[in-house]
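Input: a single structure, listed below in structure tokens.
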Amino acid sequence: MADTQQADEQTETAAGVKAAARTDKKAGKHADRLAKQIRAFAATHGGSAEGQLAHIGRGRTRIALVGADGEWGNLVADTFGSAKDAADKAGLTLLDDFDGDLAARVRTGRYEWSRMAGIQVGGPSNG
């Protein structure tokens with residue numbers, strides 16, 4: 001009976017290791033795709049970018065990007081680990097907070113202002 005229980009535990013452990021390896025491989029591919037997108041964003045917007053990671057719920061993490069030219073964008077990672085890994089692979093400078101210094105570099109255009117006005121005070125519709 002003990003031999004059977006030990007064999008069952010070993011089988012469960014091996015299955016768990018295989019599942020974790022599949023999950024790690026999937027997370028690695030996801031981080032690679034995000035890193036490629038981060039590098040493309042930086043190249044398009046002045047050659048460099050800075051970012052900040054923020055938990056947004058259900059285990060997901062937002063990667064807020066601000067290019068050297070002031071343009072900004074967001075990416076969403078499935079996990080904080082994937083977001084951090086992608087940022088590291090892309091050479092993204094990560095800041096602890098999206099504070100005044102980083103926010104001051106963000107350049108907003110007519111679209112953002114009209115969208116904010118449309119949502120907040122009955123400005124032009126977005127449709």
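Note that this is a predicted model, so its numbers are computed, not measured.
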Joint cluster assignment, Trp72 & Leu102, ILVMFWY side-chain distance < 4.5 Å: yes
Atom of Thr61, atom of Ile56 and distance for their closest heavy-atom approach: N-CG1, 4.2 Å
Test salt bridge (charged side-chain N to carboxylate O under 4.0 Å, His left out) applied to Lys84 and Asp88, step by step: CA-CA 6 Å; Lys84 178 78 170 97; Asp88 291 343; 3.1 Å; yes
same_hphob_cluster(Ile63, Phe80) at 4.5 Å side-chain heavy-atom cutoff: yes
Working for side-chain contact (heavy atoms from CB on, under 4.5 Å), residues Asp32 and Asp85: CA-CA 8 Å; Asp32 289 343; Asp85 191 27; 5.6 Å; no
Separation between CG of Leu75 and CZ of Arg33, rounded to the nearest 0.5 Å: 11.5 Å
Partners meeting side chain to side chain donor-acceptor pair (under 3.5 Å) with Arg107 (sequence neighbours left out): Glu71
Within one Ile-Leu-Val-Met-Phe-Trp-Tyr cluster: Leu65 and Val106, side-chain cutoff 4.5 Å: no
From CG (Asp97) to CG (Leu53), nearest 0.5 Å: 11.5 Å
Whether over 12 other heavy atoms sit under 6.0 Å from Asp99 CG: yes
CG on Asn74 to CD on Gln52, rounded to 0.5 Å: 10.0 Å
Can you give me every donor-acceptor pair (side chain of residues 35-46, partner residue at least two apart or in another chain, under 3.5 Å) with its distance?
from, atom 1, to, atom 2, distance (Å)
Arg39, NH1, Lys89, O, 3.4
Thr44, OG1, Ala40, O, 2.8
His45, ND1, Asp69, OD2, 3.2

Which atom of Val76 lies closest to which atom of His30, heavy atoms considered: O-NE2, 3.9 Å
